[in-house]
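Okay, so here's the structure we're looking at.
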Amino acid sequence: MLIAEGVAGPEKGGGAGAAANASAAAGAGDSAIEHSDYRAKLSQIRQIYHQELEKYEQACNEFTTHVMNLLREQSRTRPITPKEIERMVQIIHKKFSSIQMQLKQSTCEAVMILRSRFLDARRRRRNFSKQASEILNEYFYSNLSNPYPSEEEKEALARRCGITINQVSNWFGNKRIRYKKNIGKAQEEANLYAAKKAAGASPYSMSGTPGPMMSPPPGEDSMGYGIPGMNGSGYSGVGQ
DNA sequence: CTACATGATTTCGA
DNA sequence: TCGAAATCATGTAG
């Protein structure tokens, strides 16, 4: 059981097996940085585990020799068979091994907790960069009539935003549903992006072509375009 | 600290 | 398997 967690076995973080299994399911492709933290914690647990294990081992040996000595002393006053000695030793070892089992169990628990804490992507959520949001929003509002990027488009967006395809899919899923939920507010955002595009670049074909290929205009013009409903009402749009 | 924004996951249906 | 909707858990502005 512990071996599966990479705690028991020899040195080397093998826990990635189960870990990757859990995180590979969805958008956690950037897990390199977080993983190193996880690994560090895991190896810490492993170290403590081995430390304790060794301590028990040592205590066990000490205790055994102690008992042996006692028996030897006693053998002067009464006969003691080797069998009896062996039985004694066996009992001691059994006791200690059950203690070790407990150690294993608690270590296992610690690993489980660590894993759920670190590997659950929801707990590691990071907001996308402003640029990424910009790119995604731009695409979304440019294709409001059909905000369903194809696989290739998703990949292109993912590349430009520095996120995974899964994350792009998540984003569009969230965006669509949340846009629908309050069209009123989002409409302003739509106008804003439409204006941006008009200001930023050449004419466009609304749907069909993969559309945005240039990076977003760095300039912060946005204002200056008498956009109705843009006068600081509620949502300031860009990014957040 | 609270409320809201937002990315990720889960559930359900076609 | 993809997407809609509901839900979760975190980030962050107030």
Side-chain angles (χ1 to χ4, degrees), chain A residues 15-42 109-194 196 206-212 215-216 220 222-223 227 229-240:
Chain A
N21 197 1
S23 65
D30 59 309
S31 46
I33 297 166
E34 284 81 350
H35 247 105
S36 74
D37 204 359
Y38 170 76
R39 292 273 213 83
K41 286 277 205 301
L42 191 64
E109 271 172 38
V111 171
M112 294 294 233
I113 291 168
L114 178 73
R115 224 172 51 171
S116 72
R117 181 129 146 58
F118 270 80
L119 264 30
D120 184 355
R122 280 200 280 210
R123 293 178 191 268
R124 293 175 314 156
R125 192 191 127 248
R126 294 260 173 274
N127 288 345
F128 297 153
S129 73
K130 238 168 170 179
Q131 281 226 342
S133 305
E134 182 92 2
I135 291 167
L136 292 167
N137 273 313
E138 202 174 301
Y139 183 95
F140 182 79
Y141 288 115
S142 298
N143 300 283
L144 251 189
S145 53
N146 182 36
Y148 298 87
S150 68
E151 205 56 36
E152 297 86 50
E153 289 166 330
K154 278 184 193 172
E155 202 197 319
L157 286 168
R159 199 174 285 285
R160 286 177 51 202
C161 295
I163 61 181
T164 69
I165 293 179
N166 252 322
Q167 285 177 303
V168 173
S169 300
N170 287 339
W171 190 91
F172 273 89
N174 284 321
K175 189 69 183 178
R176 281 190 298 264
I177 188 71
R178 283 164 184 165
Y179 174 81
K180 207 162 38 161
K181 269 197 169 175
N182 53 357
I183 294 182
K185 250 191 229 173
Q187 195 69 36
E188 297 169 21
E189 218 180 5
N191 288 339
L192 215 157
Y193 273 92
K196 247 197 158 146
M206 262 302 250
S207 53
T209 63
S215 50
E220 210 18 85
S222 46
M223 314 291 175
I227 297 154
M230 216 207 105
N231 40 12
S233 48
Y235 220 25
S236 69
V238 190
Q240 62 170 37

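Proteins come first, then strands; the chains are lettered A, B, ... in the order of their sequence lines, and each starts at number 1. Just so you know, these numbers come straight off a predicted model, no measurement behind them.
Nearest nucleotide to the side chain of A:Asn170, out of C:dA6, B:dA8, B:dG7: B:dA8. Of the candidate nucleotides C:dA6, C:dA5, C:dG3, C:dA6 has the atom nearest to the side chain of A:Asn174.
Between A:Leu144 and A:Tyr179, the closest side-chain pair of non-hydrogen atoms falls below 4.5 Å.
Using a 4.0 Å heavy-atom distance criterion, A:Phe128 is classed as a sugar-phosphate-only contact.
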Produce the list of close N/O pairs, under 3.5 Å, pairing protein atoms with atoms of nucleotides 11-14 of chain B; give distances to one decimal.
none

Identify each atom pair where a protein N or O and an N or O of nucleotides 1-3 of chain B are less than 3.5 Å apart, giving names and distance.
none

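Atom CG of residue A:Leu136 and atom CG of residue A:Asn174 lie 11.5 Å apart, to the nearest 0.5 angstrom. To the nearest 0.5 Å, atoms OH (A:Tyr139) and CZ (A:Arg160) are separated by 10.5 Å.
Note on A:Lys175: every side-chain N or O is 4.0 Å or more away from OP1 and OP2 of B:dG7. Phosphate contact (OP1/OP2 of C:dT10, side-chain N/O of A:Arg126, threshold under 4.0 Å): absent. Distances shown here put a side-chain N or O of A:Lys181 below 4.0 Å from the OP1 or OP2 atom of C:dA6. For B:dA5, the OP1/OP2 oxygens have no side-chain nitrogen or oxygen of A:Arg178 closer than 4.0 Å. Considering only side-chain N and O atoms, A:Tyr179 lies nowhere under 4.0 angstrom from the phosphate OP1 or OP2 of C:dA4. In terms of phosphate contacts, A:Lys154 brings a side-chain nitrogen or oxygen within less than 4.0 Å of OP1 or OP2 of C:dG3.
In this structure A:Ala158 satisfies the side-chain contact (heavy atoms from CB on, under 4.5 Å) test together with A:Ile165, A:Val168, sequence neighbours excluded. For A:Arg159, the side-chain hydrogen bond (donor to acceptor under 3.5 Å, both in side chains) partners are A:Glu155, not counting sequence neighbours. For A:Phe128, there are no ring pair (Phe, Tyr, Trp, His ring centres under 6.0 Å) partners at least two apart in sequence or on another chain.
The two residues A:Lys154 and A:Pro149 have their closest heavy-atom pair at CE-O, 3.5 Å. Nearest heavy atoms, A:Pro147 versus A:Ser145: CD-C, 3.8 Å.
In the helix from B:dC1-C:dG14 to B:dA14-C:dT1, the end axes, each obtained as the rotation axis mapping the C1' atoms of four pairs onto the next four within a five-pair block, lie 0° apart to the nearest 10 degrees.
Taking atom CG of residue A:Asn137 and atom C1' of nucleotide B:dA5, one finds them 13 Å apart after rounding to whole Å. Computed from coordinates, the A:Phe140 CZ to C:dG3 C1' distance equals 13 Å when rounded to whole Å. One can place CZ of A:Arg125 at 5 Å from C1' of C:dT10, the figure rounded to the nearest angstrom.
Between the side chain of A:Asn127 and the base of B:dA5, no donor-acceptor pair under 3.5 Å is found.
The aromatic rings of A:Phe172 and A:Phe140 sit tilted relative to each other, their planes meeting at an angle between 30° and 60°.
Under a 3.5 Å cut-off, the side chain of A:Glu138 and the backbone N or O of A:Ile135 do not form any donor-acceptor pair.
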